[in-house]
Amino acid sequence: MYTKVIANILLIIITTAIQISFISGLPVFLNNFSLVLVILVFILALGNLKLSLWWAIGIGFLLDIFSFLPFGVLLISLSLAMIIVNFLLTNFFTDRSLYSFFALITLFTLFYEFILNIINYFIMSFDSEVILFIINKNFWSNLFSQVVLNLIAVLIIFYGINFISNKLKPAFLVKRKL
Amino acid sequence: MYKINTKKYTWVIAVIVLLIFLHYIRILSPIERTVVKIFNPVLSSFYSAGSYFRITYNEQTDKRDFISTINELESSIVNLTVENARLKSLEEENQVLREYLKFSKENNTSFVLGSVVAHKGLDSNNLDQNIIINKGLSDGVEIGAGVMSGGTIIGQVVESQSNLSEICLITNRNCKLAAKVQNTDKTSGIIRGELGLTIKMEFIPQTDVIEIGDTVVTSGLEEKIPRGLVIGEVTEVNKESNELWQSATIDPLINMDDLVIVSVLTP
């Protein structure tokens, strides 16, 4: 059990470090990729809600340490978006098909960015120079590129998992006469 | 009816509230400082790896401009050689005058080197260029201090924690510096970044003469930024006779995408 906990902590640390530094250093457009959201979606779909929420809390905590936004903004945004996506997964996108994953990652990205920017806007609204993110075209172009990159990553990982295991393959029930 | 189990979210909310509370009453500060200290070398390595791809990509896209850039540089070398000779004689003259008037020695500024660990904010709404370096308050970094790279000023410290600092680059529209153009009129003004690519100086009097190629330096009016630090060169002058003011576009001398190590000026 302790091995699993340590392994999960190490993977959380590596994922966060890659997101904060490696991805932010990539060329323009590619640096909008959100590895954290993609991994969380797969953990939610393949694991369970409890594990994915612990990952969300761990990653959110580390991101908040390295962010200059008010502490807790990223943690709350990630966890809240995770809960909403879990609701969608259990009530709407239950078949775990590729299209379900596409829908989940798109909605996860949108919810995460909207929640994050809404919280940030209200906290920063004391500063008169803050522009509402909805009317900012850079926000939409960055969001679009983030969604596109996340979808490509989901496609690659989905087929990678299908190649290695049967977890995401559909199971058909065959009616037999006894 | 949709399945919603609020009970299982109670522990999540409790953990999040507890973490935020412990952070703001500073109980988590030692843990956070330790995490940052342990992470900084790892983040620097990861950032360097990512930067390698970015720089390689930029080099490929810039190849077609190399020939025209080489031609421009060759003609600049000639002009700079002439300018250099003139400046050397001025420097000698200046030295003599200083000795006569018994000027005190110019202060030498000290600095601390920092590695860039992240290049942008962690949300899509970070419109402009900010970088995060692995040096902070415990290393002598102060908010408002100038940040240099390649002999030119590239930004200003806007936020600082004990081991991390956020630098607002001069191409960021939120970064404003007091600057001076090295022209005959010694035009002064405030520069601000534009579109994350270039810098603009606005509200320049129409009577001032600014030419393309004029060097723009810091004017020394900022508390923690000495004067004379090169910001960039004027590449465009927008002067309309029916306008009250003219404006100038300034290009920084180094590529902001290539920043890996920077130096922060310290008192």
Side-chain angles (χ1 to χ4, degrees), chain A residues 13-14 16-28 30-32 34 36 49-50 53-54 56-57 60-69 71-77 79-80 82-83 87 90-92 109 112-113 116-117 120-121 129 131 133 136 138-143 145-146, chain B residues 2-5 8-9 11-13 15-17 19-20 23-24 28 31-33 35-36 38-39 42-58 61 116-128 130-132 158-161 164-166 174 195-196 257 260:
Chain A
I13 289 169
I14 291 168
T16 315
I18 292 173
Q19 178 68 56
I20 293 171
S21 293
F22 180 77
I23 291 174
S24 74
L26 292 175
V28 172
L30 285 178
N31 61 4
N32 284 319
S34 186
V36 156
L49 174 64
K50 193 176 177 184
L53 280 172
W54 276 119
I57 289 171
F61 177 68
L62 289 173
L63 289 176
D64 267 323
I65 290 176
F66 287 94
S67 162
F68 285 87
L69 296 173
F71 188 87
V73 170
L74 292 164
L75 181 58
I76 292 171
S77 309
S79 305
L80 202 53
M82 188 89 251
I83 291 169
F87 171 77
T90 51
N91 290 287
F92 297 98
T109 308
Y112 170 67
E113 288 295 336
L116 172 61
N117 281 285
N120 197 32
Y121 176 74
E129 287 207 26
I131 299 171
F133 64 96
N136 184 351
N138 279 336
F139 167 75
W140 294 106
S141 63
N142 286 340
L143 185 60
S145 56
Q146 190 182 151
Chain B
Y2 299 130
K3 296 177 262 179
I4 305 171
N5 189 345
K8 59 183 171 183
Y9 300 130
W11 67 268
V12 176
I13 297 165
V15 169
I16 292 171
V17 168
L19 281 173
I20 294 171
H23 168 84
Y24 282 108
L28 284 182
I31 299 170
E32 289 170 13
R33 275 198 295 272
V35 166
V36 170
I38 294 168
F39 262 63
V42 175
L43 293 182
S44 300
S45 309
F46 275 139
Y47 185 77
S48 299
S51 292
Y52 171 77
F53 289 107
R54 189 183 68 246
I55 292 167
T56 308
Y57 171 78
N58 287 341
T61 56
V116 180
V117 296
H119 196 261
K120 64 182 279 273
L122 297 161
D123 61 306
S124 287
N125 201 29
N126 187 3
L127 318 165
D128 304 298
N130 280 9
I131 55 173
I132 296 172
V158 289
E159 292 274 356
S160 194
Q161 296 173 4
L164 291 174
S165 297
E166 185 177 1
N174 295 320
L195 301 175
D257 284 342
V260 180

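Quick caveat, the model's predicted, so the values are computed rather than measured. Within every chain, numbering begins at 1; the chains are lettered A, B, ... in the order of the sequence lines, protein sequences first and strands thereafter. Every heavy atom of this structure was used, including side-chain atoms; hydrogens, water molecules and symmetry mates were not.
Of all heavy-atom pairs between A:Leu26 and B:Arg54, the closest is O-CD, 3.7 Å. Heavy atoms only, all atoms of each residue included: B:Leu28 and A:Phe61 are closest at CD1-CE1, 3.8 Å. Shown here for A:Ile65 and B:Leu164, the closest heavy-atom pair between the two residues is O-CD1, 4.2 Å. In this structure, A:Ser67 and B:Gln161 approach most closely via the heavy-atom pair O-NE2, 3.6 Å. Nearest heavy atom pair, residue A:Ser24 against residue B:Val117, reads OG-O, 4.5 Å. The two residues A:Ile20 and B:Ala118 come nearest to each other via the heavy atoms O-CB, 3.4 Å.
The candidate from B:Ser51, B:Ser44, B:Ser45, B:Ser48 with the greatest count of non-hydrogen atom pairs under 4.5 Å with chain A is B:Ser51. For the set A:Leu49, A:Val36, A:Thr16, A:Val28, the entry with the most heavy-atom pairs within less than 4.5 Å of chain B is A:Leu49. Across A:Ile76, A:Ile13, A:Leu30, the residue that shares the most heavy-atom pairs under 4.5 angstrom with chain B is A:Ile13.
Put simply, the side chain of B:Tyr9 reaches to within 4.5 Å of the side chain of A:Ile83, judged on heavy atoms. Side-chain contact between A:Phe68 and B:Ile132 is present, with at least one heavy-atom pair separated by less than 4.5 Å.
For the ring pair (Phe, Tyr, Trp, His ring centres under 6.0 Å) test, no residue two or more places apart in sequence or in another chain qualifies with B:Tyr47.
Here B:Glu32 contributes atom CD and A:Phe66 contributes atom CZ; the two are 10.0 Å apart, rounded to the nearest 0.5 Å. One finds the CG atom of A:Leu53 at 8.0 Å from the CD1 atom of B:Ile16 (value rounded to the nearest 0.5 Å).
In this structure, the portions of B:Phe53 lying under 4.5 Å from any heavy atom of chain A include both its backbone and its side chain. Heavy atoms of B:Tyr24 lying under 4.5 Å from chain A belong exclusively to its side chain. Heavy-atom distances place no part of B:Ile13 under 4.5 Å from chain A, backbone and side chain included. For a residue to count as touching a neighbouring chain, one of its non-hydrogen atoms must lie under 4.5 Å from one of that chain's; by this rule B:Val15 touches chain A with the side chain only.
The aromatic rings of B:Phe46 and A:Phe22 sit perpendicular to each other, their planes meeting at more than 60°, with 30° as the lower class boundary.
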